[in-house]
Protein chains: 2
Amino acid sequence: MDGKIINLKSKMEIYKAISGGGNIANCPVRDVIQGVSGKWRSLLMMALAEKPYRFGELRRLVPDISQRMLTQTLYDLQRDGYVHREVFPTKPPSVEYSLTDLGRSMFGAFHQLILWAELNHDAVRAARADFDAAQA
Amino acid sequence: MDGKIINLKSKMEIYKAISGGGNIANCPVRDVIQGVSGKWRSLLMMALAEKPYRFGELRRLVPDISQRMLTQTLYDLQRDGYVHREVFPTKPPSVEYSLTDLGRSMFGAFHQLILWAELNHDAVRAARADFDAAQA
DNA sequence: CAGAATCCTTAAGGATACTG
DNA sequence: CAGTATCCTTAAGGATTCTG
């Protein structure tokens, strides 16, 4: 694992170089990380990594997402090139969402973090409980 | 890569089971993913993965973070068990932040996404440009 | 040096009503 | 069915001032 982290100094230096005149917004890493942030993006990526879904199916799958956020999050994922939107001209219309190659590629990397979360969320929860107890 | 994704149906079912009565907040994956979201968390994790830093050093390293957000983000990372905070009782005091074992473990998984971002951010930017052009 | 406290602005997200 | 449009609430983040 040290092997993965050992070259991070240069990563930070790349970041500093890129961010240049305080223009941190151009940092490519942050740009992509923002793309998996947000309350619903990771969840919808997980769903679509399973198989393509239609709009209404996604609503039922994630019942507590508002329709507005479902629309908007799918739009953002499509804009980033992770999701493909296909309209079938039936009456009433049906729209299917699926991952693009880029989306699947990104999800492959993101998946490592999902696996870690499943294995280690108990440790995180325990850390929080310990910390909160120590504060009191 | 299909091998990684092939069992995601069960992941979604686990999620649905856990979220139970609409209690999506308890989804362990989202709980941990939130832990790498936020404007500064990934950046500070990258910095601390390089080596331990003191408060003021982190400020200089990430010059556009406000002092309030630096304090708060470090606090949150500490609470999640990713970061260790050590106070040296000098005058004036100095405080060093470093990754815990749990933090290094999490970063190992997160690092995959960072590497992906570095390799593919051009594709994401291109996708956005194409999408925006198509909208116009 | 490393913060705590306060106030303020912006952005994310939700609720509701309406439409092709 | 798959959205728009509008309004509203909450949460994230920033600026400023003060302190052990």
Side-chain angles (χ1 to χ4, degrees), chain A residues 19 22-25 27 30-31 33-45 47-48 52-80 83-98 131 135, chain B residues 19 22-25 27 30-31 33-45 47-48 52-80 83-98 131 135:
Chain A
S19 63
N23 193 5
I24 198 174
C27 173
R30 286 189 63 206
D31 191 36
I33 300 306
Q34 295 277 6
V36 300
S37 296
K39 193 168 178 179
W40 305 108
R41 294 182 69 125
S42 58
L43 219 46
L44 290 178
M45 287 295 293
L48 293 176
Y53 278 108
R54 286 173 42 195
F55 188 86
E57 291 176 324
L58 287 171
R59 271 200 96 168
R60 284 185 289 279
L61 203 58
V62 187
D64 56 346
I65 193 174
S66 72
Q67 179 224 41
R68 173 173 141 45
M69 288 313 294
L70 181 54
T71 301
Q72 185 176 301
T73 306
L74 288 170
Y75 182 93
D76 293 342
L77 290 173
Q78 191 193 352
R79 181 172 181 264
D80 284 352
V83 162
H84 172 68
R85 176 179 184 268
E86 183 144 20
V87 182
F88 298 97
T90 55
K91 255 188 290 195
S94 71
V95 180
E96 188 182 83
Y97 293 91
S98 55
F131 186 81
Q135 294 304 86
Chain B
S19 64
N23 193 5
I24 199 173
C27 173
R30 288 190 60 207
D31 191 37
I33 300 307
Q34 295 278 6
V36 301
S37 298
K39 192 168 179 177
W40 305 109
R41 294 185 68 128
S42 58
L43 219 46
L44 291 177
M45 288 295 293
L48 294 175
Y53 279 107
R54 286 175 39 198
F55 189 87
E57 292 175 322
L58 286 171
R59 270 200 97 167
R60 284 186 289 279
L61 203 57
V62 187
D64 56 347
I65 193 172
S66 70
Q67 180 216 49
R68 175 178 162 352
M69 287 314 293
L70 181 54
T71 302
Q72 183 177 302
T73 306
L74 288 171
Y75 182 92
D76 292 342
L77 290 173
Q78 191 192 353
R79 180 169 180 267
D80 283 352
V83 163
H84 172 68
R85 176 179 184 267
E86 183 143 21
V87 182
F88 297 97
T90 55
K91 255 188 292 194
S94 70
V95 180
E96 189 181 82
Y97 293 90
S98 55
F131 186 82
Q135 294 304 87

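Bear in mind the structure is a predicted one, so any value in this text is a computation, not a measurement.
- Atoms OH and CZ, on A/Tyr75 and A/Arg79 in that order, are 7.0 Å from each other to the nearest 0.5 Å.
- One can place CZ of A/Arg41 at 14 Å from C1' of C/dG13, the figure rounded to the nearest angstrom.
- In this structure, B/Phe88 reaches neither bases nor backbone, as no heavy-atom distance under 4.0 Å exists between it and the strands shown.
- If A/Pro92 and A/Ser66 are placed on DNA chain C by their nearest nucleotide, the residue sitting closer to the 5' end is A/Ser66.
- With distances taken from any side-chain atom of B/Lys39 to the nucleotides D/dA2, D/dG14, C/dA2, the minimum falls on D/dG14.
- Between the C1' atom of D/dT16 and the CE atom of B/Met69 lies a distance of 16 Å, rounded to the nearest Å.
- In this structure the side chain of A/Leu44 reaches within 4.5 angstrom of the side chain of A/Leu70, judged on heavy atoms.
- The CD1 atom of B/Ile65 sits 12 Å away from the P atom of D/dA15 (whole-angstrom rounding).
- Taking 4.5 Å as the limit, some side-chain heavy atom of A/Asp80 sits within range of a side-chain heavy atom of A/Arg41.
- The interatomic distance linking A/Leu44 (CG) with C/dG13 (P) rounds to 11 Å, in whole Å.
- Within the 4.0 angstrom heavy-atom criterion, no nucleotide atom of any strand lies near A/Tyr75.
- Note: CG (A/Asp76) to P (C/dA11) measures 14 Å, nearest angstrom.
- The residue A/Arg54 sits close only to the backbone: its heavy atoms come under 4.0 Å of sugar-phosphate atoms, none of a base.
- Nucleotide D/dA11 holds its P atom 13 Å from the CD atom of B/Gln72, rounded to whole Å.
- For the pair A/Met45 and A/Val36, the minimum side-chain heavy-atom distance is 4.5 Å or more.
- Between C/dG20, D/dG13, C/dG14, one nucleotide has an atom nearer to the side chain of A/Pro93 than all others, and that is C/dG20.
- Inter-residue side-chain proximity for B/Val83 and B/Thr73 is flagged as unmet; no heavy-atom pair is nearer than 4.5 Å.
- Computed from coordinates, the B/Gln34 CD to C/dA12 P distance equals 13 Å when rounded to whole Å.
- The residue B/Arg85 sits close only to the backbone: its heavy atoms come under 4.0 Å of sugar-phosphate atoms, none of a base.
- Comparing C/dG14, D/dA2, C/dA2 against the side chain of A/Arg68 picks out C/dG14 as the nearest.
- Considering only side-chain atoms of A/Phe55, the nucleotide from D/dA2, D/dG14, C/dA2 that sits closest is D/dA2.
- As rounded to whole Å, 12 Å separates atom C1' of C/dG14 from atom CZ of A/Arg59.
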